[in-house]
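Before any comments, here is the structure.
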Amino acid sequence: MKAEAAQLKIYDSLAGGKRNFIPLKEGFVGFYVCGPTVYSNVHLGNCRTFISFDMVYRYLRHLGYKVRYVRNITDVGHLVDDADQGEDKIAKKARLEQLEPMEIVQQYSIDFHTVMAQFNAISPNIEPTATGHMIEQIEMIQGIIDNGFGYKSNGSVYFDVEKYNETHPYGELSGRKIEDLISNTRSLDGQDEKRNPLDFALWKNAAPEHIMKWPSPWGIGFPGWHLECSAMSTKYLGEEFDIHGGGMDLKFPHHECEIAQGTACNGKSPVKYWMHGNMLTLNGQKMSKSTGNSILPDELFTGKNQFMEKAFSPMVVRFFMMQAHYRSTLDFTSEALVAAEKGHDKLMEAMKTLQELNTGSESTIDVPGLVAQFYKAMSDDFNAPVLVAQLFEAVKFINGVRDGKQTVSKEDLELLQSGMHNFVVEILGLATTADGGDDKLAPVMDLVLDLRQQARTNKDWDTSDKIRDGLAAAGIVVKDSKEGSSWS
RNA sequence: GGUCCUGUGGCCGAGUGGCUUAGGCACUGGUCUGCAAAACCAGUUACAGCGGUUCGAAUCCGCUCGGGACCUCCA
């Protein structure tokens, strides 16, 4: 554990407030995040959740915890709607595109991983799939039945919510009362298999024409969506683990059902800290695949979309997200992205400057105190926006030292360098500009700038400006300073 | 309709009782520069409305208006 870190506090959705984080086993953290259903390209809203929890994972790791990070991939069982005729999302897509379901899964899993890599998200330690854990799911269903909380009906198995509620509070996570849920339940067709409309499927009987199905003690079928997370989190993290994350929209019913399933099967509530990331909005409305109000990461990176006036790089988007707290909604607009881009560039420029500073006998600001503020911000429920504000305090100082208006001691400089690296690169996950790679361009630019400098020395402003304007047209910005010209 | 969240300056977005004028962007003035860009310095704009609690509220309570989420698949 980092000695300089303040006590980590996490907002626990179940408790409804911040709690000191104390892991079940000292030094270790079990961390589960609900992953995507791979039936289409991940959109930016999906990405925000995963990026938020990537930041959480990075900070936990930085604090010295050994984290086992599990994020599932849902590749079966997620129905288009809740009616019994509801079609599996993967199967539907497969039918429409005349592909094997696993082709769909493969295609969109690859897309998901590609996008996450672009956002510089660290891969989970384990990324289990629902189809790869049929046996575990079947065993868990059996456990729930054995404990009297599941019942068979027409080849399907349902979770008996009313029975469960007699001894455990169903709805505690989302703040619902079972009576309200019952009175608000809409009457859907084909609910006759269930004893109660609130009951949810653990196993669904598959019709003969159904293409994704497995044998089970209750007949040929497939698992209910909520079950996979319970089965896989139990398998890899235990019956009780530290942190479970996911989007706010999964709170009910998905996470509520996970609590019920885990409790019904194992006799204990599975999760110590429930974390929920908030939604990304576009034009003030929740980004959602089903409504079409969404934008794909690639459309954002290429600028080929109807919402934004220009393209934005993955790191700018990530930085933008880090400027908002993960529990707040964040509205995506072109104007906000442009502002974030400038801020991002300023921060990254300072990161470079930081490597070239001269040291003095003493520092003009309290550098250890500033770095302590970094920890304070992040330890307060991962308050990245406050961290970013502190980072800009550092930027101001860095530029001040560069301009000779401030001084920094050698010791403090090293502290600041490591602190900035830790928080900007390791924790916020902002990759320092990947301007390597273009090996041929650098020497060419050196030559061009050298020629321009000659022109400037000769006061041949026509030539020097022509070079500058020409480069600008090519997207290269030239910056002059006392030490010479640079480009980016 | 039910449950819950939210409304901060031109924009984004922190802050939950008494110096945060948070921070970023934008804007204005200045420094620097051949000019510009970038940097730097300084400054402007705020807490939806009404009422209440309090010595004191952006921060607590009530109401009004507005926005959103969930209640059905969604990160």
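Reckoned from all heavy atoms, side chains included, excluding hydrogens, waters and symmetry mates.
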- prompt: How do A/Asp403 and A/Met279 order along RNA chain B: which one's closest nucleotide is nearer the 5' end?
  reply: A/Asp403
Identity of whatever pairs with B/C50 - Watson-Crick or G-U, under 3.5 angstrom: B/G62
- prompt: With sugar-phosphate meaning primed atoms plus P, OP1 and OP2, does A/Glu393 contact a base, only sugar-phosphate, or nothing at under 4.0 Å between heavy atoms?
  reply: sugar-phosphate
field: A/Asp380 bridged to A/Lys18 by N-O distance under 4.0 Å
entry: yes
task: Look at all strands and tell whether A/Gly277 reaches a base, only sugar-phosphate, or nothing, counting heavy atoms closer than 4.0 Å.
output: nothing
- request: Taking atom P in both B/C50 and B/A58, compute the distance separating them and give it to the nearest angstrom.
  value: 13 Å
- request: Within residues 105-116 of chain A, find the residues that approach RNA chain B with a heavy atom at under 4.0 Å, and present them sorted by residue number.
  value: none
- prompt: Considering only side-chain heavy atoms of A/Phe252, which listed nucleotide, B/C71, B/A75, B/G23, is closest?
  reply: B/C71
- prompt: Out of B/A75, B/G24, B/C12, which nucleotide sits closest to the side chain of A/Ala339?
  reply: B/G24
- prompt: Are OP1 or OP2 of B/C41 and a side-chain N or O of A/Asn399 less than 4.0 angstrom apart?
  reply: no
query: Mind checking whether A/Phe241 and A/Tyr32 have parallel, tilted or perpendicular rings, split at 30° and 60°?
result: tilted
- prompt: Nearest to the side chain of A/Lys346 - B/A69, B/G24, B/C35?
  reply: B/G24
- prompt: Expressed in angstrom and rounded to an integer, what is the separation of A/Leu370 atom CG from B/A22 atom C1'?
  reply: 13 Å
query: The side chain of A/Ala324 lies closest to which of these nucleotides: B/C71, B/A14, B/C70?
result: B/A14
- prompt: For the pair made of CG in A/Leu330 and P in B/G13, what is the distance, rounded to whole Å?
  reply: 6 Å
- prompt: Can you tell me if A/His113 and A/Glu127 form a side-chain donor-acceptor pair at under 3.5 Å?
  reply: yes
task: Describe the nucleic acid contact of A/His325 in one word from base, sugar-phosphate, nothing, applying a heavy-atom distance below 4.0 Å.
output: sugar-phosphate
query: When you measure from the side chain of A/Lys479, which nucleotide among B/A37, B/G34, B/C70 comes out closest?
result: B/A37
Candidates B/C12, B/C71, B/C25 - which lies nearest the side chain of A/Ala336: B/C12
- prompt: Across the strands shown, which category fits A/Phe320 at heavy-atom distances under 4.0 angstrom: base, sugar-phosphate, nothing?
  reply: sugar-phosphate
task: Identify which nucleotide among B/A14, B/A22, B/G34 has an atom closest to any side-chain atom of A/Ser464, counting heavy atoms from C-beta outward.
output: B/G34
message: Is it true that A/Ser174 and A/Glu256 share a donor-acceptor pair across their side chains at a distance under 3.5 Å?
response: yes
- request: Compare all side-chain heavy atoms of A/Asp381 with those of A/His325 and state whether any distance is below 4.5 angstrom.
  value: yes
For atom CG of A/Leu337 and atom C1' of B/G24, their distance in whole Å: 13 Å
Base partner of B/U16, which must satisfy Watson-Crick or wobble distances under 3.5 Å: none
task: Once you apply the 3.5 Å cut-off to both distances, tell me the Watson-Crick or G-U wobble partner of B/C40, or none.
output: B/G30
- prompt: A/His226 vs A/His254 aromatic rings, parallel, tilted or perpendicular, using cut-offs 30° and 60°?
  reply: tilted
- request: May I have the distance from A/Asn278 (atom CG) to B/G68 (atom C1'), rounded to whole angstrom?
  value: 9 Å
Side chain A/Thr329, main chain A/Met279, donor-acceptor under 3.5 Å: no
message: If I take atom CG in residue A/Asp465 and atom P in nucleotide B/A37, what distance separates them, rounded to the nearest angstrom?
response: 12 Å
task: Hey, can you tell me if A/Tyr326 and A/Phe53 have their rings parallel, tilted or perpendicular (30° and 60° cut-offs)?
output: tilted
message: Checking contacts here: which listed nucleotide (B/A75, B/C71, B/C40) is nearest the side-chain heavy atoms of A/Asn46?
response: B/A75
- prompt: Does A/Ser328 make a side-chain N or O approach to OP1 or OP2 of B/A14 shorter than 4.0 Å?
  reply: yes
message: Please name the nucleotide paired to B/C25 by Watson-Crick or G-U wobble geometry with both distances under 3.5 Å, or report none.
response: B/G10
task: Quickly, which of A/Ile126, A/Leu60, A/Asn125 forms a side chain to side chain contact (heavy atoms under 4.5 Å, CB included) with A/Tyr69? Name it, please.
output: A/Asn125
message: Is the ring pair A/Phe392/A/Phe319 parallel, tilted or perpendicular, if the boundaries are 30 and 60 degrees?
response: perpendicular
message: Between A/Arg195 and A/Asp160 (salt bridge meaning N to carboxylate O under 4.0 Å), is one present in this structure?
response: yes
Ion pair A/Glu341/A/Lys310, N-O distance below 4.0 Å: yes
task: Pick base, sugar-phosphate or nothing for A/Arg48, based on heavy-atom distances below 4.0 Å to the nucleic acid.
output: nothing
task: Could you check how far CG of A/Asp331 sits from C1' of B/U6, rounded to whole Å?
output: 13 Å
message: Between the base of B/A37 and the side chain of A/Arg468, is there a donor and acceptor pair under 3.5 angstrom?
response: no
task: Using ring-ring contact (aromatic ring centres under 6.0 Å, His included) as the criterion, point out the one residue from A/Trp203, A/Tyr170, A/Tyr164 that pairs with A/Phe159.
output: A/Tyr164
- request: Just compare B/G2, B/C41, B/A75 and give me whichever is closest to any side-chain atom of A/Lys396.
  value: B/C41
query: What nucleotide among B/G34, B/A14, B/G24 has an atom nearest to a side-chain atom of A/Trp461?
result: B/G34
query: Considering only the C1' atoms, how many Å lie between B/C40 and B/A48, rounded to the nearest integer?
result: 37 Å
- prompt: What parts of residues 385-392 of chain A reach RNA chain B, counting only heavy atoms under 4.0 Å away?
  reply: A/Pro385, A/Val386, A/Ala389, A/Phe392
statement: Whole-Å distance, A/Met248 CE to B/C71 P, equals 13 Å
Whole angstrom value for the distance that separates P of B/G2 from CD1 of A/Ile178: 20 Å
- prompt: Where each residue is assigned the nucleotide of RNA chain B containing its nearest heavy atom, which of A/Ala340 and A/Gly400 is assigned the position nearer the 5′ end?
  reply: A/Ala340
message: On the nucleotide B/A26, are OP1 or OP2 found under 4.0 Å from the side-chain N or O atoms that A/Lys342 carries?
response: yes
